2 protein chains.
Amino acid sequence: MEADAWSPPSVLLTVDLVILTLREGRLCVLLVERGEDPFRGMPALPGGFLSHDCEEILDAAHRELSEETALTAGYVHLEQLATYGAAGRDPRGRVVSVAHLAIAPGLPEPVAGTDASDAAWIPAESVLSGALELAFDHRRIVTDGIERARTKIESSALATAFCGELFTIAELQQVYEAVWGTELDTRNFYRKVQAVEGFIVPAGSGRKTTGGRPARLYRAGPTTVLFPPLSRPVPTAAEEDTGEKGN
Amino acid sequence: MEADAWSPPSVLLTVDLVILTLREGRLCVLLVERGEDPFRGMPALPGGFLSHDCEEILDAAHRELSEETALTAGYVHLEQLATYGAAGRDPRGRVVSVAHLAIAPGLPEPVAGTDASDAAWIPAESVLSGALELAFDHRRIVTDGIERARTKIESSALATAFCGELFTIAELQQVYEAVWGTELDTRNFYRKVQAVEGFIVPAGSGRKTTGGRPARLYRAGPTTVLFPPLSRPVPTAAEEDTGEKGN
DNA sequence: CCAAAAGTGTTGAAGTTACACCCATGT
DNA sequence: ACATGGGTGTAACTTCAACACTTTTGG
């Protein structure tokens with residue numbers, strides 16, 4: 001844009017993934033232990049450089065996702081989160097990272113990663129509270145990702161991405177409770193969710209497991225925008241610890 | 001992350017700006033006519049490459065903003081929007097753009113840009129409707145930026161960024177009506193806005209201009225999150241033209 | 001006095017919360 | 001039968017849209 005002889009600086013581009021899931025009713029994020037030199041041995045988000053010159057950013061995120069989890073790509077929600085490019089964030093030089101948010105149904109396996117030295121599901125609160133130190137600016141990225149999820153499940157069908165193909169309303173409620181860190185009234189939730197046209201649609205039969213009356217099964221419906229939205233309960237007074245309510 | 005000899009591909013990084021304002025009650029976006037070769041002569045978003053190796057992305061956005069508008073930097077809202085990096089989006093090579101959203105109070109001057117060949121405020125609907133063809137993927141970026149503004153004024157104090165330091169409630173209402181493309185009830189809006197603690201705070205005296213009872217003046221308050229939110233009226237039936245309601 | 005815009009009161013409809021209650025299954 | 005969780009009804013309360021009405025200015 002200035003003189004002809006001037007040439008613009010180039011940067012290295014990475015994608016990082018905030019992969020969220022529910023394990024035993026708790027919101028968890030996938031972290032890997034870094035095997036390479038900057039921040040070696042420290043937990044970090046899965047991610048990496050673009051693999052070749054013309055790889056699409058979203059494709060790169062999908063590639064990293066399948067490298068880190070054994071997920072049949074169709075059933076995972078993946079969206080761009082934000083871009084982090086502070087000059088000093090990576091000691092190797094100017095590295096700009098396009099962070100993505102992925103939501104996966106609860107994988108039973110702890111996921112022994114193909115690529116990374118070690119991968120593990122870490123409870124979100126461990127990261128939010130600052131108890132666990134992450135490499136680079138990854139704590140900030142996780143915080144932003146969780147905040148995105150928290151606001152987005154209010155008005156979009158994102159919460160169903162935490163469930164498998166078939167789920168009960170109680171399971172869906174657990175998603176909301178885990179992500180928001182609140183408790184909801186089972187009976188009101190039941191109707192509120194069903195009142196949203198096309199959010200969830202019934203599937204055939206019921207199942208029981210938990211030892212009461214068997215619950216009906218649903219699958220995600222065509223609706224992506226929830227109306228009316230499921231609004232997060234207001235924090236009644238001074239209750240703002242690390243995401244959990246006064247326990 | 002793979003072999004030691006492999007070196008990751010690098011990309012060129014630009015920032016692009018979706019600068020929104022209100023002019024005569026209409027939502028407008030600032031576009032420049034490109035003077036350089038790719039898409040020369042076509043309208044495009046203001047923006048450009050990072051100026052030097054270690055320039056912060058947000059700083060670059062601020063720099064482009066002040067190059068294009070004569071705004072006293074303190075009074076402009078600026079936030080990251082999203083990153084666009086499709087492989088074929090720029091014929092010059094792999095150029096990744098971090099788009100930003102800026103909200104400015106209505107500038108009276110048509111802004112003869114310092115840097116660009118020509119700059120003009122274009123009504124948002126001209127871009128949304130597709131009537132005007134933009135360079136690169138800039139139409140998409142403008143669409144995303146407007147959508148962001150539309151949803152964000154519901155639950156954040158962003159709308160005040162469209163007004164000057166002092167404004168009347170009627171002026172604030174015009175912001176909502178222009179951005180959403182709907183009409184609102186003056187009297188309900190009046191109370192709803194004041195019911196949000198710390199959203200707007202009164203300033204000294206009143207002014208009249210429009211020839212009725214003079215209105216009280218307000219300034220933006222400390223609150224950034226609006227509770228309860230100002231919810232966008234539901235589209236009653238089949239009314240979804242290009243952002244305007246059936247006129 | 002009249003027009004025009006600011007600001008206030010009120011009412012009926014709709015939504016939300018809280019909780020009592022019934023239903024269907026395993027043991 | 002009874003414990004356990006699924007699902008239904010409903011009354012009290014809150015919020016909201018709609019619109020009549022009063023206030024304050026300029027001409």
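Values in this document were obtained by computation on a predicted structure and should not be read as measured data. The sequence lines fix the lettering, A, B, ..., with proteins before strands; numbering per chain opens at 1.
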Less than 4.5 Å apart, side chain to side chain, heavy atoms only: is that true for [X] and [Y]?
X        : Y        : result
B:Ile153 : B:Leu158 : yes
B:Val98  : B:Thr83  : yes
B:Leu27  : B:Leu22  : yes
B:Pro43  : B:Leu132 : yes
B:Glu154 : B:Trp180 : yes

Side-chain donor/acceptor of [X] to backbone N/O of [Y], under 3.5 Å:
X        : Y        : result
B:Thr69  : B:Ser66  : no
A:Arg23  : A:Gly106 : no
A:Asp137 : A:Arg140 : no
A:Arg150 : A:Val179 : yes
A:Gln173 : A:Leu184 : yes

Next item on the list: Over all heavy atoms of both residues, which pair between A:Leu30 and A:Ala119 is shortest? Give the atoms and the distance, please.
Entry: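 Shortest heavy-atom separation between A:Leu30 and A:Ala119 comes out as CD1-CB, 4.3 Å.
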Checklist line | Length of the CG-C1' vector between B:Leu172 and C:dA6, whole Å | finding: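 About 15 Å, once rounded to whole Å.
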Notebook entry, point to check: Between A:Asp185 (CG) and D:dA12 (P), how many Å, whole number?
Noted result: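 Spelled out: CG on A:Asp185 to P on D:dA12 is 18 Å.
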Next item on the list: May I ask you to list the residues of residues 213-220 of chain A, by number, that have any heavy atom positioned under 4.0 Å from an atom of DNA chain D?
Entry: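 Those residues whose heavy atoms fall under 4.0 Å from DNA chain D, taken from residues 213-220 of chain A in numerical order, are A:Arg213, A:Pro214, A:Ala215, A:Arg216.
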Margin query: Tell me which residues in residues 187-200 of chain A lie within less than 4.0 Å of DNA chain D, going by non-hydrogen atoms.
Written below: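 Of all residues in residues 187-200 of chain A, the ones placing a heavy atom under 4.0 Å from DNA chain D are A:Arg187, A:Tyr190, A:Arg191.
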Next item on the list: Please say which of B:Leu65, B:Ile57, B:Asp16 ends up in a side-chain contact (heavy atoms from CB on, under 4.5 Å) with B:His100.
Entry: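 Of all the options given, the one that passes is B:Ile57.
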Notebook entry, point to check: Can you tell which of A:Thr21, A:Val29, A:Leu20, A:Leu31 makes a side-chain contact (heavy atoms from CB on, under 4.5 Å) with A:Trp121?
Noted result: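 Only one of A:Thr21, A:Val29, A:Leu20, A:Leu31 forms a side-chain contact (heavy atoms from CB on, under 4.5 Å) with A:Trp121, namely A:Thr21.
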Next item on the list: With a 4.0 Å heavy-atom cut-off, tell me which residues in residues 224-232 of chain B come close to DNA chain C, sorted by residue number.
Entry: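 Within this stretch, nothing sits under 4.0 Å of the strand.
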Margin query: I need the residues from residues 154-166 of chain B with at least one non-hydrogen atom less than 4.0 Å from DNA chain C; give them sorted by number, or say none.
Written below: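 Output list: empty, so none.
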Next item on the list: Return yes if a side-chain donor-acceptor contact under 3.5 Å exists between A:Tyr84 and A:Asp144, otherwise no.
Entry: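 Yes, because at least one side-chain N or O of A:Tyr84 sits under 3.5 Å from a partner of the opposite role on A:Asp144.
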Checklist line | Between the first and last five pairs of the helix from C:dC1-D:dG27 to C:dT27-D:dA1, the angle of the axes, rounded to 10 degrees | finding: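 Answer for the end axes of this duplex: 10°.
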Mind listing the side-chain donor-acceptor pairs of residues 218-225 of chain A below 3.5 Å, one per line with the distance, residues two or more places apart or on another chain?
from: A:Tyr218; atom 1: OH; to: A:Gln194; atom 2: NE2; distance (Å): 2.5
from: A:Thr223; atom 1: OG1; to: A:Glu197; atom 2: O; distance (Å): 2.6
from: A:Thr223; atom 1: OG1; to: A:Gly198; atom 2: O; distance (Å): 3.3

